[in-house]
Undergrad: 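Take a look at the following structure, please.
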Amino acid sequence: MKLSPLKRFLLAALAWLPACFALWWWVSGLTVKLPVWLAGQALATLWPDLVASVSQGFDTGGMPTMDVLTRIAVSEVGPNGQIATGYLEPSVHPLLYGYSLPLFFGLCLATPQDEERRWGQMALGCLAIWLAQAFGIAADALKLLALGSGPEAAAAIQAAGLNVNLIALCYQFGYLILPTVVPAALWLALNRPFIEALTGRPFGEPGGGSAGRNAAS
């Protein structure tokens, strides 16, 4: 039985996507290095009074983290009754913002095209997705300081001139929108001829009533 191009693509995607996600999870400590560095550079450069440095670490479960060393001093009473002073160091999980990378890779590998074009798309996808991931984890770090690290951090955010509502909006955009929209939009933009061949109409052209009846018949 001969499969249609659409069915072949769907079957290839179903085969490639789990493999890409498994590989991404296995090498996750490497794939987050650049986004963590980019986010750290942005935070330390734009808000030097808030952020001293950023480093990559791992939590108790072995998942990579972005550890943010701030300049926000906090004090608390220890078990012996003495007051201890230190600096806030919240952690962000960058993998929450990086699953678009294996999604995009799976779509590229399932798309029939020559290898040079495929690898070029994957390189471009890495750049775009890592930038979006860096935005997401930087916004998450600011959200943690503004809303989840106590009154000292909230006061420091206000003193830095940052708007809490804008931080929350950037966090939602980086967490809910970018990881899903960026890989899909990029794949659609880079594979216009293939999509036109699948749909039988120019890319972006809405289907008319007659086209719908023909497809149904």
Undergrad: Would a hydrophobic clustering, with Ile, Leu, Val, Met, Phe, Trp and Tyr connected at side-chain separations under 4.5 Å, put Val54 with Leu46?
TA: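 Yes; tracing contacts between hydrophobic side chains, which count when under 4.5 Å, links both residues.
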
Undergrad: Should Phe194 and Leu10 be counted in the same cluster of Ile, Leu, Val, Met, Phe, Trp and Tyr side chains packed under 4.5 Å apart?
TA: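 Phe194 clusters together with Leu10.
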
Undergrad: Is any side-chain heavy atom of Gln133 closer than 4.5 Å to one of Val32?
TA: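 A side-chain contact under 4.5 Å exists here.
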
Undergrad: Would a distance-only check, ignoring hydrogens and angles, find a side-chain to backbone donor-acceptor pair under 3.5 Å from Gln56 to Val36?
TA: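 Checking the backbone N and O of Val36 against the side chain of Gln56, no donor-acceptor pair under 3.5 Å is found.
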
Undergrad: Which heavy-atom pair separates Leu107 from Leu17 by the least distance, and what is that distance?
TA: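 In terms of heavy atoms, the two residues are closest at N-CD2, 4.4 Å.
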
Undergrad: Return the minimal non-hydrogen interatomic distance between Gln113 and Cys108, and the atom names on each side.
TA: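 Closest pair (atom of Gln113, atom of Cys108, distance): NE2-O, 3.4 Å.
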
Undergrad: Which heavy atom in Pro94 sits nearest to a heavy atom in Thr65, and how many Å separate them?
TA: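 Heavy atoms only, the tightest pair is CD-CA, 3.8 Å.
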
Undergrad: Restricting to non-hydrogen atoms, name the atom on His93 and the atom on Pro64 that form the minimum distance, rounded to 0.1 Å.
TA: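 Shortest heavy-atom contact: CD2-O, 3.8 Å.
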
Undergrad: Between Leu23 and Leu103, is there a shared hydrophobic cluster once you connect ILVMFWY residues whose side-chain heavy atoms come closer than 4.5 Å?
TA: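 No.
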
Undergrad: Are the side chains of Thr70 and Glu152 in contact, using a 4.5 Å heavy-atom criterion?
TA: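 Counting from C-beta outward, Glu152 and Thr70 never come under 4.5 Å.
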
Undergrad: Go through Val182 and Ser100 one step at a time and tell me if the side chain to side chain contact (heavy atoms under 4.5 Å, CB included) criterion holds.
TA: CA-CA 7 Å; Val182 168; Ser100 48; 5.6 Å; no

Undergrad: Is there a side-chain contact between Ser28 and Leu95 in this structure, where contact means two heavy atoms from C-beta onward sitting under 4.5 Å apart?
TA: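 Yes, close enough: below the 4.5 Å cut-off.
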
Undergrad: Can you give me the closest heavy-atom contact between Leu178 and Pro183, atom names plus distance?
TA: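 The pair with the smallest heavy-atom distance is O-CD, 3.8 Å.
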
Undergrad: Just wondering, more than 12 heavy atoms not from Tyr87 lying within 6.0 Å of its OH?
TA: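 Atom OH in Tyr87 is not packed in, count stays at 12 or less.
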
Undergrad: Taking all atoms of both residues into account, what is the closest heavy-atom pair of Gly106 and Trp16, and its distance?
TA: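 Closest pair (atom of Gly106, atom of Trp16, distance): O-CB, 3.9 Å.
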
Undergrad: Measuring from atom CD1 of Ile157 to atom CG of Leu147, what distance do you get when rounded to the nearest 0.5 angstrom?
TA: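 Between atom CD1 of Ile157 and atom CG of Leu147 there are 8.5 Å.
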
Undergrad: Return the orientation label for the Phe9 and Trp187 ring planes: parallel under 30°, perpendicular over 60°, tilted otherwise.
TA: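 The rings of Phe9 and Trp187 lie parallel, inter-plane angle below 30°.
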
Undergrad: When clusters are formed by joining ILVMFWY residues with side-chain heavy atoms under 4.5 Å apart, either directly or through shared neighbours, do Leu69 and Leu50 land in the same one?
TA: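 Hydrophobic grouping puts Leu69 apart from Leu50.
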
Undergrad: Would you confirm whether Asn163, through its side chain, and Leu166, through its main-chain N or O, come within 3.5 Å as a donor-acceptor pair?
TA: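 Flag set: sc Asn163 to bb Leu166 pair under 3.5 Å.
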
Undergrad: Can you tell me if CD on Gln172 sees more than 12 non-hydrogen neighbours from other groups inside 6.0 Å?
TA: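 Yes - once you tally the heavy atoms of other residues, nucleotides and ligands closer than 6.0 Å, there are more than 12.
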
Undergrad: Using 30° and 60° as the class boundaries, would you call the ring planes of Phe21 and Trp24 parallel, tilted or perpendicular?
TA: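 Geometry flag for Trp24 against Phe21: perpendicular rings.
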
Undergrad: Are side-chain heavy atoms of Asn191 and Gln121 found at a separation under 4.5 Å?
TA: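 Answer yes - side chains close enough.
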
Undergrad: Rounded to the nearest 0.5 Å, what separates atom CG in Leu124 from atom CG in Leu186?
TA: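 Answer for the CG-CG pair, Leu124 versus Leu186, is 5.5 Å.
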
Undergrad: If hydrophobic clusters are built by linking Ile, Leu, Val, Met, Phe, Trp and Tyr wherever their side-chain heavy atoms come under 4.5 Å apart, do Leu127 and Leu190 end up in the same one?
TA: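 Hydrophobic grouping puts Leu127 with Leu190.
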
Undergrad: Kindly state each residue pair satisfying ring pair (Phe, Tyr, Trp, His ring centres under 6.0 Å) with at least one member in residues 99-130, sequence neighbours excluded.
TA: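 Those involving residues 99-130 do not exist here.
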
Undergrad: Keeping Thr45 on the side-chain end and Ala42 on the backbone end, is there a donor-acceptor pair under 3.5 Å?
TA: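 Flag not set: sc Thr45 to bb Ala42 has no pair under 3.5 Å.
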
